[in-house]
Amino acid sequence: MTTLPFPIAEDPDPATAEKGRILFAGMTEFVKGVVAMDGLPPANRMEVCFAGRSNVGKSSLINALTGQKALARASNTPGRTQEINYFTLAEHGYLVDLPGYGYANAPLPVVEKWQRLLKRYLSGRQTLRRAFVLIDARHGAKKVDEEIMSLLDSAAVTFQVVLTKVDKIRQTELDKSLDVTRKVLAKHPAAFPDLVLTSSEKGDGIATLRSIIAGIT
């Protein structure tokens with residue numbers, strides 16, 4: 001089997017960056033929080049979703065992408081987000097914020113309920129174009145991330161890894177994290193080959209990620 005190199009996604013050219021900027025320039029609004037599959041909005045527009053361990057920085061990344069500081073709720077308490085949260089993306093798409101996984105302090109029945117909902121969504125949403133799996137650049141891919149990747153493999157949902165908080169570590173540490181993550185990704189056929197490095201605080205990678213999303217909508 002040929003091992004993909006999983007290079008860092010290149011910065012978009014000006015025209016591509018402008019498409020991404022325009023896509024996110026409109027008002028992005030919260031639609032609803034979903035706690036069961038029958039509560040999902042009609043599958044009449046494409047959607048992209050964001051998955052990641054609790055406190056990986058999902059809410060901060062969504063806020064950075066949309067240019068709205070408080071659109072997605074950030075929390076210092078792992079596992080606080082217990083719903084699938086839908087946000088509009090222009091007039092023809094949804095941004096979907098999935099419940100954080102890898103939570104430590106939530107009651108077991110609650111964790112099991114979240115896991116069932118997450119699996120059912122990822123396995124059965126026909127309008128899902130791509131999942132973005134967020135990984136903390138300080139730690140690299142963990143076993144719990146691999147579980148989600150395996151689920152996406154089985155559901156034939158293309159996923160792309162986005163490393164968050166790259167401003168928090170030195171280059172040598174980032175290189176080690178990238179090495180760990182690439183070795184994990186080599187096992188997963190649904191993995192998209194390019195990695196995206198982001199910092200919600202510094203704005204690193206935001207234009208790149210916007211452009212990627214614009215290109216698949």
Side-chain angles (χ1 to χ4, degrees), residues 9-10 12-13 15-52 56-68 71-73 81 83-101 114 117-135 148-164 185 188-196 198 200 205-217:
E10 295 181 359
D13 60 56
T16 305
E18 181 63 7
K19 289 180 181 178
R21 187 196 67 79
I22 291 173
L23 177 65
F24 284 90
M27 178 60 68
T28 301
E29 298 178 323
F30 176 71
V31 178
K32 65 187 303 189
V34 178
V35 296
M37 288 293 288
D38 59 7
L40 292 176
N44 57 7
R45 57 173 72 182
M46 79 85 213
E47 55 198 63
V48 295
C49 71
F50 294 85
V56 74
K58 275 195 297 96
S59 297
S60 297
L61 183 64
I62 291 173
N63 290 339
L65 284 169
T66 60
Q68 299 185 49
L71 180 68
R73 298 177 182 176
T81 304
E83 302 174 336
I84 296 177
N85 290 310
Y86 269 78
F87 303 91
T88 56
L89 178 59
E91 297 178 354
H92 61 279
Y94 289 123
L95 292 178
V96 184
D97 182 11
L98 299 180
Y101 53 81
W114 298 347
L117 178 60
L118 194 63
K119 290 177 180 178
R120 289 187 65 190
Y121 168 79
L122 292 175
S123 300
R125 191 65 169 171
Q126 295 181 343
T127 47
L128 178 61
R129 292 291 178 265
R130 186 172 301 178
F132 292 96
V133 177
L134 276 54
I135 292 174
I148 293 296
M149 293 176 188
S150 295
L151 176 61
L152 290 161
D153 288 338
S154 63
V157 174
T158 300
F159 69 88
Q160 186 164 8
V161 163
V162 177
L163 275 77
T164 62
L185 289 176
H188 296 280
F192 191 83
D194 289 349
L195 304 174
V196 185
T198 65
S200 297
I206 299 303
T208 301
L209 189 52
R210 285 174 177 166
S211 299
I212 289 169
I213 294 171
I216 58 179
T217 57

Here the pair of heavy atoms bringing L134 nearest to L61 is CD2-CD2, 3.7 Å
**Q.** Test item: L185 and M149 side chains (from C-beta on) under 4.5 Å apart, heavy atoms
**A.** yes
Between the CD atom in Q160 and the CG atom in L209, the distance rounded to the nearest 0.5 Å is 7.5 Å
Interatomic distance, OG1@T66 vs CD1@I206, rounded to 0.5 Å, equals 9.5 Å
When rounded to the nearest 0.5 Å, the distance separating CG of L128 from SG of C49 is 4.5 Å
d(K119 NZ, S154 OG) to nearest 0.5 Å is 9.5 Å
Between L23 and A214 the two heavy atoms that sit nearest each other are CD2-CA, 3.6 Å
Quick one: are V48 and L95 in side-chain contact, heavy atoms under 4.5 Å? yes
The residue among L65, V162, V56 that forms side-chain contact (heavy atoms from CB on, under 4.5 Å) with F50 is L65
Those residues at least two apart in sequence (or on a different chain) that pass side-chain hydrogen bond (donor to acceptor under 3.5 Å, both in side chains) with T16 are D13
Residue pairs passing the salt bridge (charged side-chain N to carboxylate O under 4.0 Å, His left out) test with at least one member in residues 17-27, sequence neighbours excluded, are E18-R21
Show me the donor-acceptor pairs, under 3.5 Å and distance only, between side chains in residues 28-46 and residues at least two apart or in other chains.
residue, atom, partner, partner atom, Å
K32, NZ, G39, O, 2.6
R45, NH1, G93, O, 3.3

In terms of heavy-atom contacts, P99 and L118 come closest through CD-CD1, 4.1 Å
Residues S123 and L151: closest non-hydrogen pair is OG-CD1, 3.7 Å
Side chains of L117 and I84, heavy atoms from C-beta outward: is any pair under 4.5 Å? yes
ask   = Considering only heavy atoms from C-beta outward, does the side chain of L89 approach that of Y94 to under 4.5 Å?
value = no
Smallest heavy-atom separation, N63 atom then L71 atom, equals OD1-N, 3.1 Å
Closest non-hydrogen contact found for P12 with A207 is CG-O, 4.0 Å
For residues 188-196, please give each side-chain donor-acceptor pair under 3.5 Å, one per line with the distance, not counting sequence neighbours.
residue, atom, partner, partner atom, Å
H188, ND1, D153, OD2, 2.6

Across all chains, not counting sequence neighbours, the salt bridge (charged side-chain N to carboxylate O under 4.0 Å, His left out) partners of R130 are none
Hits for side-chain hydrogen bond (donor to acceptor under 3.5 Å, both in side chains) against Y121, two or more places apart or cross-chain, chain-then-number order -> E47
